[in-house]
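Reminder, nothing fancy here: chain letters follow the sequence lines and each chain counts from 1. Bear in mind that the values here come from a model prediction, so they are computed numbers and not experimental data.
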Amino acid sequence: MAEHYDPQAVEAKWQRRWAEEGAYQVDNDDPRPPYYVLCMYPYPSGPAHQGHVRNYTFGDLLVRRRTMQGYAVLSPIGFDSFGLPAENAAIKTGVHPRIFTEARIGELKSSLQRLGASYDWRRVIRSHDPLYMRWNQVIFQKFLDAGLAYRKNAPVNWCPGCHTVLANEQVLPNGTCERSGDLVVKRDLEQWFFRITAYADELLDALDDLDWPERVKTMQRNWIGRSEGAEFDLAVAGTGESIRVFTTRPDTSFGMTFVVLAPEHPLVEVIVAEERRAEVRAFVERVRSESDIERQSGEAPFERRGVFTGARALNPFTGQEVPIYLADYVLMSYGTGAIMAVPGEDQRDWEFATAYGLPIVRTVAPPEGWEGEAYTGDGPAINSRWLDGLGVAAAKARAITWLEEQGIGKRTVNYRLRDWLLSRQRYWGCPIPVVHCPGCGIVKVPEDQLPVLLPDDVEFRPTGESPLRYHEGFLRTTCPECGGPAERETDTMDTFVDSSWYFERFCEPWTAEVPIDQAAARRWMPVDQYIGGIEHAILHLLYARFYTRALGEVGLAPKEVREPFERLFTQGMITMDGSKMSKSKGNLIAPERYFAGVGADSLRLFHLFVGPPGDDFDWSDQTDQMIEGCHRFLGRVWRLGAGGLERATLVDRDPTEADRDLEKDTHRLIDRFSRDCDRWSYNTAVAAAMEFVNTLYRHVQAAEGARRATVDFAVDSLLVLLAPMVPHITAELWELRHGVGSAVHAQPWPVADPALVKVDTVTMVVQVNGRLRARLEVDAHIGEDEAVALALAAPKVAESLEGRRAAKVVARPPRLVNVVV
RNA sequence: GCCCGGAUGGCGGAAUCGGCAGACGCGAUGGUCUCAAACACCAUUGUCCGCAAGGGCGUGCGGGUUCGAGUCCCGCUCCGGGCACCA
């Protein structure tokens with residue numbers, strides 16, 4: 001095996017060895033300090049793709065490195081095994097989703113093993129396992145008891161392609177389904193929700209303390225969309241009714257010149273003037289018939305977008321009556337479904353006022369020379385009586401105080417975030433464990449009957465309807481309370497429910513007593529480093545944060561664990577011609593052919609070397625050549641490690657200058673490599689290793705290279721540093737060099753000697769008027785005077801000065817001297 | 001529209017605190033080895049002028065600050081992402 005680098009043989013040998021040894025299994029009572037590394041568990045879609053390779057390479061690297069640094073590293077893996085693709089496959093081919101999914105899990109598992117990823121395979125979680133389903137259902141029932149899960153009738157997002165409802169988070173901004181691309185429509189349905197909005201504030205505030213990419217935190221902040229303002233009542237003239245409005249700008253209330261209700265507002269029918277009823281109804285009908293897309297496109301001219309109700313409201317600030325309109329740009333689902341319109345400080349209101357000939361009163365003085373329309377910036381209040389002269393913030397506070405004194409309003413906070421709709425009208429998911437009894441209403445399935453399992457003998461219809469609805473044996477049941485006939489709930493849970501707590505279950509995945517073993521969770525949670533794709537910035541990462549809190553609240557997990565993921569790293573996507581690689585686009589470049597060719601180590605190294613881990617990478621024609629380059633590098637490492645390059649000088653003798661140089665280079669590599677890894681700059685760490693190998697080659701091949709002991713130290717250090725990145729080749733070479741009893745992955749992570757890292761001479765550049773004129777080797781501790789003297793004495797410098805006197809000399813020893821004339 | 005990123009050779013990228021732009025790799029060119037090739041190894045490789053020594057230009061565009069700017073400031077262009085009648 002030593003003659004040449006044979007990745008197939010080496011990788012097979014070590015993968016077998018690691019499996020036999022149970023390497024990277026870790027027990028909960030391990031005395032070493034705990035460290036929890038987790039990659040987002042994958043949906044099993046078949047063999048790994050390049051995105052998986054990248055993700056799990058980053059994870060594996062960290063697992064192995066932290067282990068070498070002396071931690072007990074928890075490194076579990078599982079499979080997000082419920083979901084639509086398996087069911088769609090069943091509809092098409094008739095193969096049961098379980099059979100289909102388990103086959104895909106087998107393929108993905110063997111890809112991961114072929115990659116050399118190190119997991120505690122004993123801890124595997126598959127979301128469709130009956131035991132995991134049981135705990136999913138127990139948690140749901142606890143949430144139900146705690147009021148965190150509830151059922152309500154609401155207009156929900158229905159995807160006609162997927163035949164199910166979707167959460168808001170799963171609908172793209174253009175109104176289509178993120179999975180199927182179908183246009184999502186609104187349907188009024190009875191659905192199950194999780195009360196994530198109860199945690200809106202905490203989910204928002206706690207973001208500040210998370211060591212997460214700012215980008216992701218910003219996305220979550222936008223999604224939660226907290227806005228502070230006030231709510232207050234407006235009396236409707238000539239009726240006993242009042243309209244409650246929400247505004248973030250109570251300071252501009254004196255400028256309210258009309259009021260707008262959402263077309264769906266319940267008071268519309270009550271307040272509408274008789275002579276306008278027909279017109280208003282026609283408008284409401286028209287808006288209802290429009291899709292969300294049409295309605296939200298904002299394309300229609302404002303003249304078509306509203307209607308006057310004939311009713312008037314009293315502006316409590318001015319005491320004046322203002323007209324009440326309906327307009328499609330006011331949404332029933334946000335705030336109170338009614339707004340006070342202030343055209344002077346809101347552009348939409350401005351445009352609406354202009355279209356309908358309504359008055360515009362500015363209540364904030366725009367800056368000098370302002371030529372725009374609505375002014376939304378800060379400035380002194382005007383036309384606002386007792387608010388005049390106050391800035392926006394002060395005027396807001398004063399206006400809210402006044403509303404509260406009058407007893408007609410109060411300070412409020414609104415969120416964009418909606419409760420999480422978790423029911424899905426699909427088969428391949430975890431059943432929601434309740435029955436519907438005509439007499440008793442919704443009744444939980446008793447815990448001793450859990451889990452509610454999916455029946456196997458179902459028919460998958462090409463219409464895509466849930467088979468559970470037509471399975472009499474599943475559907476018909478008896479009420480656990482009254483014993484009478486009842487219907488089982490046929491909705492299943494969103495698969496994001498499964499992924500919202502699997503990381504807690506990993507701490508003690510065997511227990512049949514509780515969903516989460518509290519002692520184990522206290523030991524490992526929160527996850528020290530979570531790694532996954534940016535595409536989960538909102539969905540999964542927000543749900544998991546909610547679940548972690550809710551589980552603590554209902555006593556199923558340690559209450560003190562509020563956040564699931566201490567540090568988050570979001571890796572870039574692998575794209576091809578700028579778009580995401582995917583099976584459906586048919587542009588997958590399967591890792592298998594690289595496993596079979598250059599080997600897993602070369603492919604891993606490529607993914608680490610190609611660029612910053614957080615950046616997207618576009619796969620191109622040239623990519624294969626880069627992978628070849630990584631393979632070539634490993635070939636050089638092999639020849640260094642396995643011997644055969646020795647020259648005459650590579651013997652035992654007294655150390656020379658070359659030995660001191662190589663020793664320093666080795667320590668500098670250790671230093672740089674470690675620091676680069678710490679800051680997720682694997683591409684530069686690899687570059688440093690490549691440079692070092694080039695240096696080593698010079699020593700090994702030159703007539704006056706370093707001696708054997710120095711080279712051995714250098715090569716051993718290199719192997720230890722590379723061990724987390726390319727585990728197989730380093731393991732093999734280490735065993736070759738040190739014998740079967742010694743393992744590279746059991747070596748402690750090396751620490752550089754600061755004295756040797758320090759440089760004693762540096763290249764000082766001398767500039768004349770900022771232009772490079774000379775480079776001098778100088779002592780690293782050179783003083784300013786000496787540096788200047790050396791600089792001025794350099795022939796090139798004197799030449800460029802042409803006898804002119806230096807007007808100024810900027811000295812930054814030992815790096816630079818700049819002579820200015 | 002608002003909020004975040006980003007733009008550096010033929011290509012992927014580096015430059016960590018305002019101080020040598022282009023590390024490392026790919027590709028390309030030349031060479032060594034070989035009967036020949038593959039492999040491997042060595043050298044050159046931002047660009048323009050020049051036989052050379054050497055010099056000019058150069059980090060999307062236009063300004064600015066500074067002895068000195070890829071890096072800081074102001075104003076743009078283009079690309080990517082997020083949010084978007086959210087009151």
Side-chain angles (χ1 to χ4, degrees), chain A residues 4 173 213-223 225-227 229 245-249 252 260 262 295-298 302 305 327-331 333-342 345-349 351-352 414-417 534-535 537-538 573 575 578 605-606 609-612 614-618 620-630 632-633 635-636 639 645 672 675-676 679 681 683-694 697-698 701 762-772 774-775 796 806-812 815-821:
Chain A
H4 69 290
E214 263 325 301
R215 195 156 59 120
V216 175
K217 296 207 268 186
T218 304
M219 282 192 227
Q220 292 214 350
R221 284 188 192 108
N222 289 342
W223 190 261
R226 178 187 159 102
S227 59
V245 294
F246 171 73
T247 179
T248 55
R249 294 294 303 274
T252 63
V260 187
R295 181 166 170 183
Q296 294 192 7
S297 66
F302 268 83
R305 302 184 56 194
D328 65 357
Y329 73 83
V330 175
L331 309 177
S333 55
Y334 185 79
T336 59
I339 61 160
M340 65 167 198
V342 189
E345 281 80 34
D346 183 288
Q347 187 61 26
R348 282 159 310 165
D349 295 347
E351 286 169 32
F352 194 85
N414 253 298
Y415 300 93
R416 221 188 67 99
L417 181 70
I534 185 78
E535 64 272 19
I538 295 172
M573 283 189 310
T575 60
L605 190 69
F606 158 75
F609 178 60
V610 71
D615 287 5
D616 288 352
F617 172 74
D618 201 59
S620 76
D621 302 346
Q622 307 198 25
T623 302
D624 274 2
Q625 291 168 332
M626 295 177 69
I627 296 171
E628 279 300 326
C630 290
R632 202 144 48 218
F633 168 73
R636 283 162 75 80
R639 286 188 291 280
L645 290 170
R672 182 175 160 198
R675 283 187 295 116
D676 281 352
R679 66 185 178 104
S681 184
N683 53 328
T684 55
V686 173
M690 287 175 168
E691 244 174 293
F692 185 69
V693 164
N694 293 343
Y697 256 65
R698 277 193 287 277
Q701 298 190 323
V762 296
T763 308
M764 182 173 81
V765 303
V766 184
Q767 300 177 331
V768 176
N769 286 337
R771 285 168 187 280
L772 180 67
R775 288 167 207 226
K796 285 271 174 208
K808 182 174 175 182
V809 179
V810 181
R812 292 284 179 279
R815 290 256 166 254
L816 167 140
V817 171
N818 188 10
V819 183
V820 187
V821 292

Base-pairing assignment for [N] (Watson-Crick or G-U wobble, both under 3.5 Å):
{"N": "B:rA21", "value": "none"}
{"N": "B:rG30", "value": "B:rC42"}
{"N": "B:rG1", "value": "B:rC83"}
{"N": "B:rU65", "value": "none"}

Give one of base, sugar-phosphate or nothing for [X], where a contact means two heavy atoms less than 4.0 Å apart.
{"X": "A:Asp676", "answer": "base"}
{"X": "A:Glu628", "answer": "nothing"}
{"X": "A:Asn818", "answer": "base"}
{"X": "A:Phe617", "answer": "sugar-phosphate"}

Integer angstrom distance from the [atom1] of [N] to that of [M]:
{"N": "B:rG68", "M": "B:rG19", "atom1": "P", "result": "14 Å"}
{"N": "B:rA15", "M": "B:rU8", "atom1": "P", "result": "15 Å"}
{"N": "B:rC83", "M": "B:rC17", "atom1": "P", "result": "31 Å"}
{"N": "B:rU47", "M": "B:rC42", "atom1": "C1'", "result": "26 Å"}
{"N": "B:rC61", "M": "B:rA7", "atom1": "P", "result": "13 Å"}
{"N": "B:rG10", "M": "B:rG22", "atom1": "C1'", "result": "14 Å"}
{"N": "B:rC3", "M": "B:rG56", "atom1": "P", "result": "43 Å"}
{"N": "B:rC51", "M": "B:rA69", "atom1": "C1'", "result": "37 Å"}

Considering only side-chain heavy atoms of [X], which listed nucleotide, [options], is closest?
{"X": "A:Gln701", "options": "B:rG19, B:rG25, B:rC41", "result": "B:rC41"}
{"X": "A:Met690", "options": "B:rA87, B:rC24, B:rG56", "result": "B:rC24"}
{"X": "A:Tyr334", "options": "B:rA14, B:rG25, B:rC86", "result": "B:rC86"}
{"X": "A:Phe609", "options": "B:rG25, B:rG56, B:rA87", "result": "B:rG25"}
{"X": "A:Arg632", "options": "B:rC41, B:rC26, B:rA14", "result": "B:rC26"}
{"X": "A:Arg679", "options": "B:rG82, B:rA15, B:rC67", "result": "B:rA15"}
{"X": "A:Val820", "options": "B:rC26, B:rC67, B:rC83", "result": "B:rC67"}
{"X": "A:Val610", "options": "B:rG19, B:rG12, B:rA14", "result": "B:rG12"}
{"X": "A:Lys808", "options": "B:rC3, B:rC67, B:rC42", "result": "B:rC67"}
{"X": "A:Arg771", "options": "B:rC42, B:rC26, B:rG56", "result": "B:rG56"}

Rounded to whole Å, please give me the gap between [atom1] in [X] and [atom2] in [N].
{"X": "A:Met219", "N": "B:rG80", "atom1": "CE", "atom2": "C1'", "value": "11 Å"}
{"X": "A:Arg812", "N": "B:rG68", "atom1": "CZ", "atom2": "P", "value": "12 Å"}
{"X": "A:Asp618", "N": "B:rG13", "atom1": "CG", "atom2": "P", "value": "9 Å"}
{"X": "A:Met626", "N": "B:rC26", "atom1": "CE", "atom2": "C1'", "value": "6 Å"}
{"X": "A:Met340", "N": "B:rC86", "atom1": "CE", "atom2": "P", "value": "15 Å"}
{"X": "A:Leu772", "N": "B:rC67", "atom1": "CG", "atom2": "C1'", "value": "15 Å"}
{"X": "A:Arg215", "N": "B:rC4", "atom1": "CZ", "atom2": "P", "value": "14 Å"}
{"X": "A:Arg675", "N": "B:rA15", "atom1": "CZ", "atom2": "C1'", "value": "14 Å"}

Q: Kindly indicate whether the side chain of A:Asn222 and the base of B:rC83 share any N or O donor-acceptor pair separated by less than 3.5 Å?
A: no
Q. Where each residue is assigned the nucleotide of RNA chain B containing its nearest heavy atom, which of A:Cys630 and A:Gly335 is assigned the position nearer the 5′ end?
A. A:Cys630
Q. Between A:Trp223 and A:Glu214, which has a closest nucleotide on RNA chain B that is more 5'?
A. A:Glu214
Q. Do side-chain atoms of A:Gln220 reach the backbone of A:Ala537 as a donor and acceptor pair under 3.5 angstrom?
A. yes
Answer yes or no: does a side-chain N or O of [X] lie under 4.0 Å from OP1 or OP2 of [N]?
{"X": "A:Asn769", "N": "B:rG68", "answer": "no"}
{"X": "A:Tyr329", "N": "B:rA87", "answer": "no"}
{"X": "A:Arg815", "N": "B:rG18", "answer": "no"}
{"X": "A:Ser227", "N": "B:rA87", "answer": "yes"}
{"X": "A:Arg639", "N": "B:rC41", "answer": "yes"}
{"X": "A:Arg636", "N": "B:rC41", "answer": "yes"}

Q: Verify whether one side chain among A:Asp616 and A:Thr575 offers a donor that lies under 3.5 Å from an acceptor in the other.
A: no
Q.
Hydrogens and angles aside, do A:Asn414 and A:Ser227 bring a side-chain donor and acceptor to less than 3.5 Å of each other?
A. no
Q) How long is the span from the CD atom in A:Glu351 to the OH atom in A:Tyr329, to the nearest 0.5 Å? A) 9.0 Å
Q. So, A:Glu214 and A:Lys217, do they make that salt bridge, N to O below 4.0 Å?
A. yes
Q) Near A:Arg226 CZ, under 6.0 Å, is it more than 12 heavy atoms from other residues, nucleotides or ligands? A) yes
